[in-house]
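Below, chain A is the first sequence line, B the second, and so on; all start at residue 1.
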2 protein chains.
Amino acid sequence: MTAIVTQSRYVYDFAEGSRDMRELLGGKGANIAEMTRVLGPELVPAGFTISTQACVAFMRDDRTEPAGLAAQVADGIARLESRAGRLLGDSADPLLVSVRSGARDSMPGMLETILDLGLNDESVLGLAASTGNERLAWDSYRRFVQMFGNVVSGVPGARFEEILLAARRRAGVREDRELGIDALKDVTRRFRTLYEAHTGDPFPQDPQQQLRLAIAAVFDSWLGDRAVQYRRINHIPDDWGTAVNVQQMVFGNRGAGSATGVAFSRDEITGAPDPSGDFLLDAQGEDVVSGVRTPRPLHELADELPEAYARLVKILRTLEQHYGDMQDVEFTVEAGRLYMLQTRSAKRPAQAAVRFAVDAVDEGLLTPARALATIDAGALDALLHPTFDPDARFEVLARGVAASPGAAKGEVVFTAEEAVTAAAQGRDVILARPFTEADDVAGFHAARGILTTEGGKASHAALVARGMGRPAVVGAGELDIDLRARVIRIGDVVVAAGERIAIDGGAGIVTRDDVPLVEPGRNARFERVLTWADEFRRLGVRANADTPADALKALEHGAEGIGLCRTEHMFMAADRQPKMRAMIMARTEAERRAALAELLPLQQQDFEGLFAAMPGRPITIRLLDPPLHEFLPDRVELAQRVQRARDEQAPELPALEQELELVLRLGEVNPMLGTRGCRLGIVHPEIYEMQIEAIMRAACASAPPPHLEIMIPLVDYDAELVELLDLVVEVGSRHGLTAGKDYLVGTMIELPRACFVADRLAVHADFFSFGTNDLTQTALGFSRDDVEAGFVPSYLERRLLDRSPFETIDEAGVGALVELAVARGRAGRADIELGICGEHGGDPDSIAFFDRVGLDYVSCSPYRLPIARVAAAQAALARSSGA
Amino acid sequence: MTAIVTQSRYVYDFAEGSRDMRELLGGKGANIAEMTRVLGPELVPAGFTISTQACVAFMRDDRTEPAGLAAQVADGIARLESRAGRLLGDSADPLLVSVRSGARDSMPGMLETILDLGLNDESVLGLAASTGNERLAWDSYRRFVQMFGNVVSGVPGARFEEILLAARRRAGVREDRELGIDALKDVTRRFRTLYEAHTGDPFPQDPQQQLRLAIAAVFDSWLGDRAVQYRRINHIPDDWGTAVNVQQMVFGNRGAGSATGVAFSRDEITGAPDPSGDFLLDAQGEDVVSGVRTPRPLHELADELPEAYARLVKILRTLEQHYGDMQDVEFTVEAGRLYMLQTRSAKRPAQAAVRFAVDAVDEGLLTPARALATIDAGALDALLHPTFDPDARFEVLARGVAASPGAAKGEVVFTAEEAVTAAAQGRDVILARPFTEADDVAGFHAARGILTTEGGKASHAALVARGMGRPAVVGAGELDIDLRARVIRIGDVVVAAGERIAIDGGAGIVTRDDVPLVEPGRNARFERVLTWADEFRRLGVRANADTPADALKALEHGAEGIGLCRTEHMFMAADRQPKMRAMIMARTEAERRAALAELLPLQQQDFEGLFAAMPGRPITIRLLDPPLHEFLPDRVELAQRVQRARDEQAPELPALEQELELVLRLGEVNPMLGTRGCRLGIVHPEIYEMQIEAIMRAACASAPPPHLEIMIPLVDYDAELVELLDLVVEVGSRHGLTAGKDYLVGTMIELPRACFVADRLAVHADFFSFGTNDLTQTALGFSRDDVEAGFVPSYLERRLLDRSPFETIDEAGVGALVELAVARGRAGRADIELGICGEHGGDPDSIAFFDRVGLDYVSCSPYRLPIARVAAAQAALARSSGA
């Protein structure tokens, strides 16, 4: 009955690990180990990692420290002491350590950290002596007692805060850092008394005991409510456990010859190949970032500590080469000796990212493929639009959501009609509305920029503005837009119609000052990046474009075709809305046909323009999609006009009443789930017939003939597709055009049912285009409006969601439907062409998904094309490298 | 290079086939063969079937008659002639045949039929002589020329009609049957001239040639546009082909000793065990049904043709025994000899179906299992509600859609408030509205019946009325309900508020007469049927019940529990709406909590009542589901009140404006896709907390403790479920109640995403309940409103849909999602309880689907429970017999 206990190994010195050992050492442990390995042990404060296995054992054995751990930790500390030449908690020159959690995946703020462990009533004096900074020593000690008391022994944080509050009151100061040394000593004493009162034990003076308790507390924090909740929401298994990192503390405030700072391996704004950053002599890391003292530019460190600086520059280059990316590091110089505390890929604006990528290839540091991988594709947007001159000084009138990048200036107008009129007169205008609707789209065309007080990044204004490449600031809630008085108010300031304002939609800023704008211009480096991208990507890229101007812009940005032409946008133009409205309000089919006959030549012109703008490349035209009543007047406003006419016994009352009755009858409770898309085309075939006729006439009138793809939206049943396919074929044959030869016919896949019956649909379709906006709305059962106004902001705040599913595709639901439809679609027709034309077509993460599931192309706004090209290349490269 | 041709067999005499040979002989051929087999060849007019294989060969060989077919057909005709003792097209006493298509599945009206083949200029005289009916002979001949000319040679039907029109004009008559013999002869001559002019050939006189051409024409009709279109829509493979049936014509109008009629093996109204039906002496089949002559009751045939009658009665019994079901037959007596032309299961009203089932078991004809299978479960509804006395005479005021069965009488009221007041005074009322909304639900409770002028079977009025078991006639569009004048108008008739009307919601009738009502009473036979059903079914049955009264009704109808208690219905009651509105319109959380505190005791009472009504059985309570603004006033009406106040400068203007602003802000563009269900519970946890508190208090106050299941609606993400599960557990623990022991917590599966992540949801859920109403809305992307007002009626008319997907589950889309969720749910938790609580829970076809995919129970309106029990039994029996 003897058990053989194989003692597990739990403790790994930093020098033993590497970045591949995340599973065992956690993310932080693996990262410190990697840096130790690359730079050598003397450059990284020494220490060791207690592996996640120890935590797993701790949890398994009912929160008992696993056998052998204590001895292994003691050995680790002994090695640390021998290396540092100091003893943990020594009374003369103490070695202090930090104890930090580090799970396999980052769980920000969920797990515990204790700094300055090893301090006690004696070592605090030693620290004061050795650093020459008594205040630092006592402030560190009081922080240690506070952190330890709270984390290890559960003393409520509020109790410590009360003591600090009283101390500040007594000292007549407002912030802790203004407390003097005696006050800090007093606070520390009170903290220890509090600790003793709460736990029944004196504050532990033995550093070994402090360490043992701290390690157990970190393990315990893995099982804390907050952490458990976080893991449930983020699907992190409970049995992973956390590692614990024990690392020697270093002090950049140890007097002359000490310093601390942050550095970038290249200029973090421009990407130019000189290191940049900030430092402070004789300071702690938090002083650099807190703004208490003004940090100095990094290159001045060369004058102060030339040896350390030279070494740092060399290290930056080494790390950049090792990680294959621009680095952002934290460093400390303690008494002349350089320590590297952290390195990570540098966040950088688009121009710096592009410059780094190109320079890195030219320097032979990276291949084009690896250089591409260093770029945040989503940020490239900024390179394509004018911005406020970064050197200009101006007064901010209000801030809002940066909804569509680019800067614009112009006179304020308050209605789409005014915008159209002013634009026709050659005036630049900014359209200001509380929020925008389908009715306002003509105004988007005419205006230089859009300003709203409601909504966010997924509001109508934001979506349409991004689609058209119009700068937009939305949700600028401080402003009060008074449509009746035709003024914008903020505080005492009043901006009247016709006054000039400027907006920067990339920064979310509104101003009345005449800020100079900076045009993006052609960027040769960016063009090189895009050339590489085109070489590596597998996905085709097309543009969502409704007008010849859109199409030209799309070509300029590298579109290989048009993936979505929304014919309804053509009806939004000011000269067409009345005709469209007449069509909708027609009481008989004959009336409707008459109105359609007026629209026909206009649509034909539209299509001819589009075909001429993009010769020889695929052009996908979607037949009318939105519910008809989107083109009708607002019912609440109309109801009030009726009431006013009634109260005034106005002669137009009967006509208005009739109009209201019709609007109410055409209205739908849930228009998104109503008579729209192909349902319209089946119930009112004359509408689709007019559109198809216009397309066919335009095709016949164009040379060379267009590469035409006709798309039928919102299909649920193959019978719908068959019925409308017959209509297309019939109209086409009137013009001697043959399906499959002169044009293709396909369908949007945008309803869950369509995904399930994709095999049946594919039999009749030359292509599918996934409408992931609508598919997201139906699969998740919430409309895009809700992302803004409804519950989604609340979900994001509570971390129930990490991103809006309208921004990045929801892989578990919507993505699964797309995969299903791809498989079934190909089963129904092996060579079916598969694309996607929702907003997700311009989102890098979504593009990676579409690449993975094997779509043929993505289609997005012309202004997102460069992003799509880079993201598609990154996706292809990641896939081929098995990442 | 010699090919060995194995000559295929294409022709099968009726005596050779059986009902199992549909694939080869088509549906009609197999059916005639079966009857021939059962009754013997002398009772069924002889003939043969040309198999579907011949059609397949015909299509394969580019519309050429397959080798050997002509000879086999000639042999078949020869056998027919020898049996009949007449020759095809003989000039003295001709054998005539019909040539009919018959595909494997019925394709009504799509394929061709030719009757009286064999007539020509000579045989028409023979037919006149042998039948003694010259008019019959010439009318048959002109019909034959017309049918043959149109079907075989493509002469447009309109051209024949023009000739008939001219003939009627000349004769001064209005109908063809008034044409005299000479006129018919003249018409026939003109038809033949038309035929010759159109085809360039004389009308074929050779019966063999007629036959060959007719057969080819039937094959051709399989490839006709209409048929191809029909097959595409109904997913019938093009390569099945159609069979062709060639059958001897018999004549019930061959003089004395001839008759024709229809017969039921039992009384078709009551199910009593005496044959019933109609016949005419010396008449053709179409005379019996056309109403030209008044048919005589079947039993009188015993006096006229006693031998034939006796034989018929015996045959009816034989057929009933053979098919195991009540039969509906067509028969003809030709010169004393009885022929059976068709037999099929008799359509019958519910009471007859139940009586037959019970009698058949008592007679030893059927086992209870087989007897159950003969009942149309969907029709049983009629047995549970009072109806107009079938013997009463009354004047119909208007007809509408029979939306909810049962008859009711009462005074007309026009608002829910009036209904509530009147009911409180003990008056019976009928609530009349153009259409109803959530606001009106209190009125449904109070009224005896509901009458609307808009909407159909899936309108709000219909759904709520069926759910509550209130009789309803909806969409009675002839009526004009004038809410201002408080009258109903139709023509010159005006029904004022307070006048009495009666409605029969099972027949869709409205009257002002005081019609006596007949109560359903307990029906012992029906109870026996239900007892059998309970024995055979695997599925549990629960009821959707919101009140103690509902629960008691549910128990009476056999509910095993409550599958859905919609807590929002509790807020619709007149005394609660103001409190609910105050809660919604609260501007702060504190205001909201105050309003909720008032609702809490009321909800607790509700739950206590429910628990008391259904002790010991599962009660599933769904937390608040609909969008909050459903409880708010109508925005158009409110906007007009604001305008009126503005125009009148009324002092209440600011308050009204504030209300309107709030209503507009709370309004959602697509409320179905908005902040509702668990999203409400997360954004405003205080609402759900109140509900859970009320449930837990009620549970503690109830003895015995309820079998409680708390259901969280509209879940997309497992994080939502986890967050709300925590809330339930927390509130429960305040009352010492433990999840999994004292109550279960589960979720509705009603969004496509939830189906895909059902494994993750199942980890946290004790049960799933499929909300197939919402799942249908999201999977198909159209709202239930559209079934009525939108495009769905148009789809049904065009046969793009055969039934509303809200009535019977859409298996390809919604069903596939349910199956996916069942599989994944069980993978996440093997013992998870699975139910369904949408409207489909009371639909027999949907119940069969739910049985097949393995759900544990269905839940439906109390009034649909008997249907569900029978349908569930039928489903289980069908499954176990492999059908």
For the interface with chain B, which of [options] has the highest count of heavy-atom pairs at distances below 4.5 Å?
options: A816(A), G781(A), G813(A); value: G781(A)
options: E637(A), R679(A), E454(A); value: R679(A)
options: V642(A), L780(A), L751(A), L660(A); value: L780(A)
options: D774(A), V763(A), D726(A); value: D726(A)

Any sub-3.5 Å donor-acceptor pair from [X]'s side-chain atoms to [Y]'s backbone N or O?
X: D482(A); Y: R484(A); result: yes
X: E668(A); Y: T675(A); result: yes
X: S733(B); Y: E730(B); result: yes
X: R592(A); Y: E686(A); result: no
X: D634(B); Y: V636(B); result: yes

Chain A contact via [X] - side chain, backbone, both or neither, heavy atoms under 4.5 Å:
X: L680(B); answer: neither
X: R760(B); answer: side chain
X: L714(B); answer: neither
X: E720(B); answer: both
X: D810(B); answer: side chain
X: R676(B); answer: neither

R641(A), CZ atom: more than 12 neighbouring heavy atoms under 6.0 Å: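 Incorrect, the count does not exceed 12.
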Among [options], which residue forms the greatest number of heavy-atom pairs with chain A at distances under 4.5 Å?
options: P752(B), G674(B), A754(B), C755(B); answer: P752(B)
options: R646(B), H764(B), Q777(B); answer: R646(B)
options: L638(B), V683(B), I682(B); answer: I682(B)

Checking side-chain polar atoms at under 3.5 Å, does D647(A) have a donor or acceptor matched by the opposite partner on Q643(A)? yes
Report which part of [X] has an atom under 4.5 Å of a heavy atom belonging to chain B: side chain, backbone, both, or neither.
X: S794(A); answer: side chain
X: V757(A); answer: side chain
X: P627(A); answer: neither

With rounding to the nearest 0.5 Å, note down the distance linking OG in S783(B) to CG in L673(A).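 The OG atom of S783(B) sits 5.5 Å away from the CG atom of L673(A).
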Working to the nearest 0.5 angstrom, can you tell me the gap between L775(A) CG and L817(A) CG?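 Between atom CG of L775(A) and atom CG of L817(A) there are 5.5 Å.
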Evaluate the ring planes of Y717(B) and F782(A), with Trp represented by its six-membered ring, and classify them as parallel (under 30°), tilted (30 to 60°) or perpendicular (over 60°). tilted
